[in-house]
Every structure is written in C-alpha cells, then in structure tokens.
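For reference, the structure discussed in these notes is given below.
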Amino acid sequence: MTIRVPELIERKRNGGELTDEEISELVLGFTRGDIPDYQMSAWCMAVYFKGLDGRETHALTDAMIRSGETLELGAALGRRVVDKHSTGGVGDKTSLAVGPIVAACGVPFGKMSGRGLGHTGGTLDKLESIPGFRVELSIEEFIAQVKEIGLAIIGQTGDLVPADKKLYALRDVTATVDIVPLIASSIMSKKLAAGADAIVLDVKVGDGAFMKTLDDARILAEQMVDLGRRAGREVVCLLTDMDQPLGAAVGHALEIREAVETITAEGPPDFTELVLDASARLLELSDLGVDVDEGRRLAEQATTDGSAREMYERWIRAQGGDPSLDALPKAPVVREVLATRAGIVTRLGALKIGIASLELGGGRRTKGDEVDHAVGVVCSAKRGQTVEDGQVLADVHARDEESAARAAEAVLAAYEITDQPPRSHHGILIDVVV
Ligand code: URA
C-alpha cells in the first residue's frame, strides 16, 4: 500500500481516523527511514491533540512490534513467563527487588529495562553502579542465564521494536512524550515483543510521574490492559503514588543498597509494600498455581529466609558484577538537611527531589551524558511523619561541597512542614486495574 503522509497528518489533525494499514505503513516507513522526522513529528503532534482510539492504538502497537524481531522467552524456557514494567518515577528501584524475590520463589524473571529519562531514573543506570556489571548480554546469553539461575535484567536490544527507539527519541525532543496512546503503545510493544505471557504494570501517579492525575493514570492503565488483552496476554496494572519519592533513596548506588536492604526485610515501609505486592501478583500470574495471598506469603518468606538475597548475589555475579554492598561507589561529601521547624511533613515533592539528584550528576541533560553513580539524596523523613525542629530530614550525597550545598537547599524546598496532616490518605498502592 502506498500512503500519502501529508494527507494522513491532515486527516489526524482534523480529528479523523487512520486505517490499520495506513498506521502500519507510517510506522514501518518511518523505521526504514523512508518517512522523515519532520513528517512523523507533525503526525505525533496531531495525535497529541486529537488522540487515537482503541483500534488505532492497537494498530500502532502491532506495527511497532512488527518493526523488529520478537523473542519467544516462554518457548525457550518451556515455562509461562511473567514480566513487569513501571512508567517511571523518582527512587523507583522496584525491579531490582522484585526480580530476586520472584526468582527465589521459583519463577523465572527475564527483563529488559531502560535508562533514565529526564528526572526519572532507569534500572540499567542503577545496575551499572555495581562494579563490573554487564547490562549488554546477547539474546542467547540472556536466555541461558534465565534458564540457569532464573534471573537476568538487561538493556533493550536494538533488534526488538526499533520503531519505538526511533519514535521515542523523536517524541522526547518534540514535546510529544506525555500522551496516553503513544505511551501505552511504546510500553506495551516492548513488553509484548519480549514474549511475556503475563505482565504486571506499575503506573506512577503524581508530580514526579508522567501521569500527574489519577484520571489520566487510569486511562493509561485501561489502554495498556486493553492492548495486552487484544494480544492474548494477562495484564494487571497497579496505580501507585509518585507524589513523593518511592522509599528513601534516590540515586543509583544508594538505590541498589536500599533494594538489597528490602529483599532482606529491612527496607522502608512504602517501598517494601510495593515490592511485596508486585511480587505477589507476579507469582499469582505465574505457573506456580498460587493465589495472591499465597504469593504474598512466599514473597515475604523469601525476604526473611535469605533466599532472595542469595538469588541477588548469584544474579549479580552471573552478569559480571560484585554483589558486595561495600563495592558500591560512595560520594565523598554527605550533607544533612535539617528541618527548620517542628511539625508534620505535609508534602515531599518527588519532582524536586528527582531534579536535585539529576543536578548532583545522577541524571543526564543530553542523551550521551555519563551519570555519576555515587550521588543522590536519601529522604529519611516522608509524608505524614512528625518531625522536630533541627531533625535530619534527608542526606545529600555529593561529589563536592558546592553541589552539596545547592542540592541541600533544593531538598529543603521539596519539604513542606505544617501543623496539618497531609491531605492524601492513600498508601503507596492507590488502585488496581485489571
Ligand atoms: N516509558 C516508555 O517506555 N515509553 C513511553 O512513552 C513513556 C515511558
């Protein structure tokens, strides 16, 4: 089929629909390099304003999957395969804890992860703070490791969904990232191409997330569940709080440490709750034949009997890393942030903490930037907590005194301390969409 791209842009701009074939040609033509960036950008902007319906979103996802290879991980392992994905937030190290727990319970966990984007951190960057750890395994090595030890987390290979790689880079620089059908198709095309039978999604909601409101998060969750269903996969979507950072630690090595503490039942309460809940749901969707309550019991047991920690160490060694926490890089300057009044922490802005960590060197300003794995912020006081005047709210881990002072100011500004309890009463888990 031959398409006339300006006519497709115009039709979408005017609120019309595109056929499945037109969407397919558009995506495949763009991936081949036949359709230039400027036309695809204009189409994305038209979609930003006029949206895509369920059929069009499905067609887009399907074309993105067909732009590259697909992986049959389930067939290679002879097992039902489960996967998880988060839409990204501040302090989100969930996969680093969920992976070892689920694998320790006997369910293979092979996941492809991404790098940080803007103020949000990426699992691969966090893993690279472990000396020697390799994120770039070949597909054969990946499958062999999941078979042998039950756990591998690697970078997305360029062969899977190349359309998303190109389209995402374009969206990132044309203000077309935060639109539901494009996010849904971007995430689900990668999950479906990686071959999972069942997927637990974690849609973050709040000021540190792409989805700022619960209504938008719910629409995104419903679209992703629908895309999964159309592809014959089971999808459960958690809506979780990203108005404040997840757990205490924000920053690569600091988050690895917190993930390891959490798989040995010594993690912060909100992060522990999310990790156990997501693990329980993954176990329920697996071929173990357990319900969510039994899954929760198994997950908790793996954190208390040492099996999750043991699995973590085997996994890190298998990918060339040193699993000892002493091997993690440490920032030379650690500066305390003190409360300037007594009261209750009413707000702890996730976005502000994410940006403070980015400015300490933990994030990228441009695509090729190196990240500093040692720096970050540990927020020991969280929303709802009562604090004294002069109490330590957080620690800033910095490369030098100057950046520490700047970050300390930014972290203090992220805290709102009043005499009133916070308005939001929900815990980390706000809702579940199935
Ligand atoms: N994460 C993705 O993988 N894609 C998006 O579009 C947004 C977040």
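Each ligand, and each atom within it, is numbered from 1 in the order the structure gives.
Between His85 and ligand 1, a contact under 3.5 Å exists for no N or O pair. By the 3.5 Å distance cut-off applied to N or O atoms, Lys190 is counted among the residues near ligand 1. Between Ser186 and ligand 1, at least one pair of N/O atoms sits closer than 3.5 Å.
A 4.5 Å side-chain heavy-atom check between Lys204 and Leu246 finds at least one atom pair inside the cut-off.
Remark: Glu17 engages Arg55 in a salt bridge (charged side-chain N to carboxylate O under 4.0 Å, His left out) (not counting sequence neighbours). In this structure, His397 has no ring pair (Phe, Tyr, Trp, His ring centres under 6.0 Å) partners at least two apart in sequence or on a different chain.
The heavy-atom pair separating Ala374 from Ala331 by the smallest distance is CB-N, 3.6 Å.
Of all the atoms in ligand 1, the ones that sit under 4.0 Å from a non-hydrogen atom of Arg171 are 6 (O).
Put simply, no part of Val177 is less than 4.0 Å from ligand 1, judged by heavy atoms.
Seen from the ring of Phe271, Lys93 counts as a face-on cation partner, given the 6.0 Å and 45° thresholds.
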